[in-house]
Amino acid sequence: MTALTDSFGRRHTYLRISVTERCNLRCVYCMPSRGIRLKAKSELLTLEEIARLTEIFAQLGVEKVRLTGGEPLVRNGIEELVEKIKEIPGINNVSITTNGVLLKEKAHSLKSAGLTSLNVSLDTLRPERFELIALRDYFFRVMDGIESALFAGFHQLKLNVVVMGGINDDEVLDFVEFVGDKPINVRFIEYMPFKFNGWSKANFVPGDEIKRRISAVYDLIPAGASNSHSVSKDFSIYGFLGSVSFINSISEPFCDGCNRLRLTADGFIKPCLFYPLKLNLRDLMRSNASDAELINVILRALSMKPEGHPSTEEILNMENESMVEVGG
């Protein structure tokens with residue numbers, strides 16, 4: 001048993017770190033319509049604090065780190081942070097999920113800093129619809145960012161598409177066609193419920209329904225055996241440079257193989273995305289706690305991780321942070 005094995009036997013090797021709550025988009029499924037209270041800079045972890053905690057997690061068995069937000073590329077020094085984390089013994093994969101707005105300017109510097117891979121969130125290929133979903137007119141900046149990331153050598157680039165019924169589900173085949181001549185893995189993600197994010201059963205489209213629509217036009221070829229921690233079902237299409245994946249976190253929960261822990265931008269460890277439970281590492285660290293004391297809190301949080309996430313009804317009524325505050 002490794003240090004980060006929970007009470008259900010799940011070994012945790014993946015840490016998602018939110019580096020900021022700020023974002024330059026206002027996507028309707030991520031940012032609550034009422035907005036959020038942005039924390040003061042002093043409440044957020046410094047780059048040095050993030051690096052220290054990541055070192056501790058690496059000592060406990062974490063091998064992969066994903067930097068999220070908010071929008072991680074708005075965080076000053078993001079390239080420096082990538083470099084710091086990449087140098088930590090035991091960390092073999094450092095990735096970022098971004099909305100792509102600043103990617104044109106940062107793709108090459110992130111690659112030079114040692115970033116392993118990139119996920120770009122893009123929910124429509126139509127400029128006018130982009131503004132309706134993101135509430136900002138940055139579609140062409142995102143498309144330029146994707147092109148820059150490919151030019152910088154990020155292969156395979158992943159494209160995250162949250163499928164929402166009556167909003168963008170009519171573009172599923174458009175996204176498949178989009179990656180036909182590009183080394184991009186398009187990942188169709190089920191719309192996840194959070195309080196005040198507009199989720200309802202009416203606009204929820206199960207991953208199997210999305211797959212059925214695509215299979216009616218293309219032959220989907222299973223792309224190798226997925227491991228026990230894989231959240232996606234991956235497929236290739238004959239003659240396509242790109243590929244297709246499905247992440248069915250609501251209709252087919254993958255909690256039994258979950259290997260993820262989350263660190264919020266203000267320094268709390270959160271063992272499950274859908275539960276409000278979190279423990280404060282920031283204040284402990286700032287009171288000159290030893291690594292051993294921080295490890296005790298990390299292990300205590302892990303021991304409280306539930307076996308699976310609650311029902312959608314419970315999630316919608318639960319006092320939890322919004323997606324933009326947790327980092328997804």
Side-chain angles (χ1 to χ4, degrees), residues 1-21 43-70 72 75 77-97 110 113-117 119 227-231 254-255 257-275 277-306 321 325-328:
M1 295 274 254
T2 62
L4 288 178
T5 300
D6 69 10
S7 54
F8 302 98
R10 296 172 296 197
R11 178 179 172 233
H12 293 70
T13 58
Y14 180 10
L15 179 65
R16 296 178 67 99
I17 303 173
S18 176
V19 298
T20 181
E21 297 171 320
E43 296 180 76
L44 304 182
L45 293 177
T46 65
L47 299 186
E48 292 72 24
E49 288 171 335
I50 293 173
R52 181 189 173 192
L53 288 174
T54 305
E55 271 191 74
I56 292 172
F57 277 101
Q59 291 166 22
L60 294 172
V62 163
E63 301 166 356
K64 177 181 178 180
V65 171
R66 178 171 297 280
L67 303 178
T68 67
R75 176 75 190 249
I78 190 68
E79 296 95 339
E80 179 189 344
L81 180 59
V82 169
E83 251 182 308
K84 284 178 182 288
I85 293 174
K86 197 69 191 295
E87 291 170 357
I88 295 172
I91 301 296
N92 55 40
N93 186 304
V94 184
S95 54
I96 281 179
T97 295
L110 287 167
L115 192 70
T116 311
S117 60
N119 287 25
N227 61 53
S228 61
H229 299 306
S230 177
V231 303
F254 31 79
C255 302
C258 183
N259 67 337
R260 297 155 190 76
L261 291 170
R262 289 172 171 79
L263 184 63
T264 64
D266 55 345
F268 285 74
I269 178 174
K270 190 174 175 69
C272 177
L273 176 64
F274 291 111
Y275 275 96
L277 170 70
K278 59 181 185 176
L279 297 182
N280 191 335
L281 294 173
R282 180 199 63 203
D283 291 353
L284 191 61
M285 187 163 44
R286 291 179 181 178
S287 63
N288 298 316
S290 66
D291 285 2
E293 289 174 298
L294 291 166
I295 287 170
N296 282 337
V297 175
I298 291 169
L299 295 180
R300 181 152 59 91
L302 185 63
S303 73
M304 301 163 76
K305 182 168 181 169
E321 294 98 339
E325 293 172 290
V326 178

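All figures in this text were calculated on a predicted structure; none of them were measured in a lab.
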**OP:** Run the numbers on Leu273 and Arg16 for side-chain contact (heavy atoms from CB on, under 4.5 Å), then give the verdict.
**Re:** CA-CA 11 Å; Leu273 176 64; Arg16 296 178 67 99; over 6 Å; no

Subject >> Gly9 backbone acceptor or donor facing Thr5 side chain under 3.5 Å >> reply: no

Original post:
Hey, what do you get for CG (Leu263) to CD1 (Ile298), rounding to the nearest 0.5 Å?
Top reply: 8.5 Å

Subject >> Closest approach of Leu67 to Val65 (non-hydrogen atoms, all atoms of both residues) >> reply: CD2-CG1, 4.0 Å

**OP:** Decide yes or no on side-chain contact (heavy atoms from CB on, under 4.5 Å) for Leu302 and Asp6, but give the supporting numbers first.
**Re:** CA-CA 6 Å; Leu302 185 63; Asp6 69 10; 3.8 Å; yes

**OP:** Quick one: which residue pairs count as a side-chain hydrogen bond (donor to acceptor under 3.5 Å, both in side chains) with a foot in residues 289-302, not counting sequence neighbours?
**Re:** Arg52-Asp291, Ser290-Glu293

Original post:
Can you list the steps and then say if Lys270 with Leu277 is a side-chain contact (heavy atoms from CB on, under 4.5 Å)?
Top reply: CA-CA 6 Å; Lys270 190 174 175 69; Leu277 170 70; over 6 Å; no

Subject >> Salt bridge flag under 4.0 Å for residues Arg11 and Glu63 >> reply: yes

Subject >> Exercise: identify the closest heavy-atom pair between Ala289 and Leu294 >> reply: CB-CG, 4.4 Å

Subject >> From OG (Ser18) to CZ (Arg75), nearest 0.5 Å >> reply: 9.5 Å

Original post:
Got a second to check how far Thr264's OG1 is from Lys278's NZ, nearest 0.5 Å?
Top reply: 5.5 Å

Original post:
Side chains of Thr13 and Val62: does their closest heavy-atom pair fall under 4.5 Å?
Top reply: no

Side-chain donor/acceptor pairs under 3.5 Å, residues 53-60, sequence neighbours excluded:
| residue | atom | partner | partner atom | Å |
| --- | --- | --- | --- | --- |
| Thr54 | OG1 | Ile50 | O | 2.7 |

**OP:** Show the numbers, then the answer: is there a side-chain contact (heavy atoms from CB on, under 4.5 Å) between Arg262 and Ile269?
**Re:** CA-CA 6 Å; Arg262 289 172 171 79; Ile269 178 174; over 6 Å; no

**OP:** Rounded to the nearest 0.5 Å, what's the gap from CG on Asn259 to NZ on Lys64? Could you check?
**Re:** 8.0 Å

Subject >> Which atom of Ser287 lies closest to which atom of Leu284, heavy atoms considered >> reply: OG-O, 2.8 Å

**OP:** Please report the closest heavy-atom contact between Leu261 and Pro271, naming both atoms and the distance.
**Re:** CD2-CA, 3.9 Å

**OP:** Indicate yes or no for a side-chain donor-acceptor contact from His12 to the backbone of Leu4 under 3.5 Å, with no hydrogens or angles considered.
**Re:** yes

Original post:
How long is the gap from CZ on Phe8 to SG on Cys258, to the nearest 0.5 Å?
Top reply: 12.0 Å

Subject >> Reported CD1-to-CG distance for the pair Ile78 and Leu47, which is rounded to 0.5 angstrom >> reply: 7.5 Å

**OP:** Could you note down all residue pairs passing side-chain hydrogen bond (donor to acceptor under 3.5 Å, both in side chains) where residues 83-95 supplies at least one of them, sequence neighbours left out?
**Re:** Arg66-Ser95

Subject >> Arg260 to Val231 - nearest heavy-atom pair and separation >> reply: NH2-CG1, 2.5 Å

Original post:
Where the side chain of Arg10 meets the backbone of Cys255, is there a donor-acceptor pair that is under 3.5 Å apart?
Top reply: yes

Subject >> Closest non-hydrogen atom pair, Ile96 against Leu110 >> reply: CD1-CD2, 4.0 Å

Original post:
Is there a donor-acceptor contact under 3.5 Å from the side chain of Arg282 to the main chain of Glu43?
Top reply: yes

